[in-house]
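So the structure is just underneath, and the comments pick up after that.
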Amino acid sequence: MSENQVLKTIKERRSVHRFKQGPVTDEQLTSILEAGRWAPSFANSQPWSFLVVRDPDTKKKLTEVVERVTIARQGVTEAPLLIAVVVDPLKDPRHYLEAGAVATQNMSLAAQSLGLGSYWVGVYDPSGRRNTAEAKMKKVLGIPREFRLVALLPIGVPVQVPDRDREKLSDIVRYESFGQA
Ligand SMILES: Cc1cc2nc3c(=O)[nH]c(=O)nc-3n(C[C@H](O)[C@H](O)[C@H](O)COP(=O)(O)O)c2cc1C
């Protein structure tokens, strides 16, 4: 299979849950945010905002809430910065979630391409209820009720990059009709 830089970055990206002390520079951060900005969205609605968090107190508060959705909470405190991906359902009532998801993935690939690591903390709660981890994080971050929080992306220099595989193409690809393997 041919392997250009994009394909290599896609394949080499792994979720990284622990981070070294090293910083994420402003230049790196801008490149990552630019990658989010250039994500596709329905009718180019761009329903996202990216909230950058560096404050240790805020990270600590988020870590306490994160405990409810993932065991991998240490990375939220260790990462020098977090990007909260926020979407506005009023800007795109049908596809705000997909838009937030592709922007998140673009940013995680950008981080990978710069030698950084990240992992997706899945905070979005389909119920949209008040007592969820998503609602609590929104409160910590001062995000108004009508917006939704799709993901929290801790970003930093990885301690180590884990090895994770995928199902074989032959097990997941079908041709012409779903019944045909
Ligand atoms: C929508 C979504 C939600 C996720 N939520 C979490 C999470 O809450 N905690 C976590 O540690 N990883 C989370 N992940 C990362 C996955 O666990 C990870 O991508 C998967 O195990 C494959 O590993 P890899 O990313 O290293 O290839 C999430 C990924 C996605 C796409």
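These numbers were taken from a predicted model, which means no experiment stands behind them. Numbering of ligands and ligand atoms starts at 1, following listing order.
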The atoms of ligand 1 lying under 4.0 Å from a heavy atom of A72, numbered in the order shown, are 11 (O)
Look only at the side chain of Y124 and the backbone of G100, and say whether a donor-acceptor pair between them is shorter than 3.5 Å. no
One finds that the ligand 1 atoms under 4.0 Å from a non-hydrogen atom of R14 are 24 (P), 26 (O), 27 (O)
Check: Are side-chain N/O atoms of D26 and Q28 paired as donor and acceptor at under 3.5 Å?
Finding: no
Exercise. So with a 6.0 Å cut-off around CD of E146, is the heavy-atom count from everything else above 12?
Worked result: yes
### N/O separation below 3.5 Å, G122 to ligand 1
yes
Might you confirm whether atom CZ of R164 has over 12 heavy atoms from other residues, nucleotides or ligands at distances under 6.0 Å?
-> yes
Numbered in order shown, the ligand 1 atoms found under 4.0 Å of a heavy atom of H17 are 10 (C), 11 (O)
Report task. State whether the shortest distance between N or O atoms of Y119 and N or O atoms of ligand 1 falls below 3.5 angstrom. Result -> no
- [ ] Would you please say whether a donor-acceptor pair under 3.5 Å links the side chains of D92 and S45?
- [x] yes
re atom 12 (N) of ligand 1, the protein heavy-atom contact at minimum distance is W120 O, 3.3 Å
Would you verify that at least one protein heavy atom lies under 4.0 Å from atom 8 (O) of ligand 1, or report that none does? yes
Here the atoms of ligand 1 under 4.0 Å from any heavy atom belonging to R13 are 24 (P), 25 (O), 27 (O)
_Just by distance, no angles: are the side chains of T9 and S113 close enough, under 3.5 Å, to form a donor-acceptor pair?_
no
When distances are taken from atom 26 (O) of ligand 1, the protein heavy atom at minimum range is R164 NH1, 2.4 Å
Sorted by chain and number, sequence neighbours left out, ring pair (Phe, Tyr, Trp, His ring centres under 6.0 Å) with F19 holds for none
among protein heavy atoms, the one nearest atom 20 (C) of ligand 1 is S15 OG, 4.6 Å
**Q.** Any R166 heavy atom less than 4.0 Å to ligand 1
**A.** yes
Nearest heavy-atom approach of P154 to A79 is CB-CB, 3.7 Å
